[in-house]
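Please read the structure below before turning to the comments.
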Amino acid sequence: VICRKFSHSASLNAIKKVTVVGGGLMGSGIAQVAAQAGQNVTIVDLNSDILEKAQKSIQNNLGRVARKLYKDDPSKMEEFVKEANNRIKVSTKIEDGVDADLIVEAIVELLEPKQKLFNRLDELAPQHTILASNTSSISINEIGSGIKRKDRFGGLHFFNPVPVMRLLEVIKSDEMSQETYNTMMEWGKSVGKTCITCKDTPGFVVNRLLGPYSAEAFRMFERGDASKEDIDIGMKLGAGYPMGPLELADYTGLDTNKFVLEVLYQKTKNPVFKPIPLLNKMVEEGKLGIKTGEGIYKYKK
Ligand code: NAI
């Protein structure tokens, strides 16, 4: 059983085998949506405990998806989970993942390890294989500067949590071919996402626009212009956002917010991205949001 929601364009798609390198938060989500769409997936991570964790979390999530899709048919439910799980292999060796139509990288957010990985993938993967990075802050062109297949390379920027968030940003590298672009867009659709396109520019579309918005929300709270609750209620009821900016920051992690603002400031020099003392202090104190039990708000552990 291939998830109906995702199957409409699967037959047109050139991508049948996908490898995800990095099986953490993002990588496991990307692997899940590809397996749900009927593709064979290999997850590669340096750490075998992470791979085990990824498999468990994918299995749980698939169960949830199956219960929604096949409410009245427990046998289909089971079949869906079993089949999707069977399509996922894991390995700690990159060599086990190179035989793929598409390889998506979701490892640590550092330029050098990413460059090293792509150079290696470029050497090992078959000619037709498309390589993509899920980076949110590093230049796609810089990541791929050492590879030969620059026409078959670009960015596929997913959002957390991957199985839930419907957007995929397809980032055009300078030398990406039209064919690669078309294949990436089609693949995005096949895994249930709405795709938008962006040049290789700092923050792409969403983070570039979210940055000033959340920075101003932090500053407003820091100055005491309004309470945290009122800032969040204001944007939910006045602008129709599903979450307020401070709630959202706690959800994504204040460390991630700080990091994104730093990168945007460094790359654009736009003063709206300047460091925010309150945010720096909270990160220093380990108040990172939901994941540590306290951020702008307090959470029950
Ligand atoms: P994570 O820390 O949960 O997972 C990264 C995984 O990569 C770890 O399991 C680690 O063992 C593995 N790894 C590190 N170096 C490796 C290598 N050389 N080969 C194989 N595996 C390796 O990180 P997360 O949050 O999943 O982020 C991954 C990427 O996705 C980063 O580039 C990040 O910027 C990007 N991203 C993150 C988002 C988020 O909300 N967390 C949103 C969109 C993109």
Side-chain angles (χ1 to χ4, degrees), residues 19-33 41-58 61 89-98 100 103-125 131-140 142-144 146 154-171 188 193 195-196 198 200 202-208 210-211 214 243 248-264 267 288-291 295:
T19 290
V20 182
V21 188
L25 186 67
M26 297 303 288
S28 58
I30 299 167
Q32 183 192 324
V33 295
V41 182
T42 304
I43 312 175
V44 178
D45 199 291
L46 299 173
N47 183 334
S48 55
D49 292 344
I50 295 272
L51 288 172
E52 213 174 288
K53 216 172 122 195
Q55 278 177 306
K56 276 199 193 124
S57 99
I58 292 173
N61 289 342
K89 286 189 296 185
V90 300
S91 175
T92 51
K93 289 194 218 86
I94 195 69
E95 290 79 4
D96 294 335
V98 288
I103 303 180
V104 184
E105 168 273 317
I107 68 166
V108 57
E109 186 70 341
L110 292 169
L111 178 62
E112 241 177 74
K114 285 193 194 286
Q115 284 178 329
K116 249 174 131 175
L117 174 66
F118 277 102
N119 294 348
R120 184 103 180 98
L121 291 173
D122 192 30
E123 262 171 42
L124 296 174
L131 307 179
S133 174
N134 180 49
T135 183
S136 34
S137 66
I138 305 175
S139 153
I140 292 293
E142 258 185 82
I143 291 174
L156 288 171
H157 184 227
F158 285 87
F159 292 78
N160 176 40
V162 178
V164 176
M165 297 296 283
R166 291 170 50 210
L167 185 71
L168 174 63
E169 290 181 324
V170 175
I171 315 304
K193 302 302 173 200
C195 301
I196 60 171
C198 188
D200 184 21
F204 311 134
V205 173
V206 174
N207 285 339
R208 183 70 172 266
L210 207 51
S214 57
M243 284 172 107
L248 180 64
D250 270 0
Y251 179 80
T252 52
L254 298 190
D255 50 343
T256 306
N257 279 259
K258 176 176 176 277
F259 177 75
V260 170
L261 289 176
E262 277 167 2
V263 172
L264 287 170
K267 295 198 170 164
L288 306 182
I290 294 175
K291 63 185 170 190

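Position 1 is the first residue of the sequence, and the numbers go up from there. Both ligands and their constituent atoms are indexed starting at 1 by order of listing.
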**Message:** I want to check something: taking the side chain as every heavy atom from C-beta on, are V44 and I103 in contact at a cut-off of under 4.5 Å?
**Reply:** no
**Asked** Side chain, backbone, both or neither: which part of I50 has a heavy atom under 4.0 Å from ligand 1?
**Response**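 I50 to ligand 1: side-chain contact only, backbone stays beyond 4.0 Å.
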**Asked** How does N160 reach ligand 1, if at all, at less than 4.0 Å between non-hydrogen atoms: by side chain, backbone, both, or neither?
**Response**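 The answer is the side chain.
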Between the side chain of [X] and the main-chain N/O of [Y], is any donor-acceptor distance below 3.5 Å?
X: K114; Y: G144; result: no
X: N134; Y: V104; result: no
X: K193; Y: V162; result: yes

**Prompt:** Against heavy atoms of H157, which atoms of ligand 1 measure under 4.0 Å?
**Reply:**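 Near H157, the atoms of ligand 1 are 43 (C), 44 (C).
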**Item:** Numbered atoms and elements of ligand 1 in range of F158, under 4.0 angstrom, heavy atoms
**Value:**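 This gives 42 (C), 43 (C) as the contact atoms.
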Against ligand 1, does [X] come closer than 4.0 Å with any heavy atom?
X: A106; answer: yes
X: K114; answer: yes
X: L117; answer: no

Minimum heavy-atom distance between [X] and [Y], given as atom pair plus value:
X: D45; Y: G23; result: OD2-N, 2.7 Å
X: K267; Y: P202; result: CB-CG, 3.8 Å
X: L264; Y: R208; result: CD2-CD, 4.0 Å

For [atom], which protein heavy atom lies nearest, and how many Å away is it?
atom: atom 4 (O) of ligand 1; value: G24 CA, 3.4 Å
atom: atom 32 (O) of ligand 1; value: E109 OE1, 2.5 Å
atom: atom 30 (O) of ligand 1; value: N134 ND2, 3.0 Å
atom: atom 39 (C) of ligand 1; value: M26 SD, 3.7 Å
atom: atom 41 (N) of ligand 1; value: L25 CD2, 3.6 Å

**Request:** Using protein heavy atoms only, decide if any is under 4.0 Å from atom 2 (O) of ligand 1.
**Result:**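 Protein heavy atom within 4.0 Å of atom 2 (O) of ligand 1: absent.
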**Message:** Would you say atom 23 (O) of ligand 1 makes contact with the protein, given that contact here means a non-hydrogen protein atom less than 4.0 Å away?
**Reply:**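 So far as the 4.0 Å threshold goes, atom 23 (O) of ligand 1 is out of reach of every protein heavy atom.
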**Fill in**
atom 12 (C) of ligand 1: of I107, D45, V21, the nearest heavy atom sits on D45
**Asked** Among L46, V20, L110, L156, which one has a heavy atom closest to atom 20 (C) of ligand 1?
**Response**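 Nearest heavy atom to atom 20 (C) of ligand 1 lies in L46.
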Distance-only N or O hit between ligand 1 and [X], under 3.5 Å:
X: T135; value: no
X: N47; value: no
X: G23; value: no

**Message:** For the residue pair T42 / D96, report whether a side-chain donor-acceptor contact shorter than 3.5 Å exists.
**Reply:**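 There is no such pair between these side chains.
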**Asked** Could you state the interatomic distance from CD1 (I140) to CD1 (I171), rounded to the nearest 0.5 Å?
**Response** 6.5 Å
**Request:** Please assess N160 against T252 for the test side chain to side chain donor-acceptor pair (under 3.5 Å), listing each intermediate value before the final yes or no.
**Result:** CA-CA 8 Å; N160 176 40; T252 52; over 6 Å; no
**Request:** Would you please test R120 and K116 for side-chain contact (heavy atoms from CB on, under 4.5 Å) and show each step?
**Result:** CA-CA 6 Å; R120 184 103 180 98; K116 249 174 131 175; over 6 Å; no
**Message:** Test side-chain contact (heavy atoms from CB on, under 4.5 Å) on I43 and I58; report intermediate values, then the result.
**Reply:** CA-CA 12 Å; I43 312 175; I58 292 173; 3.8 Å; yes
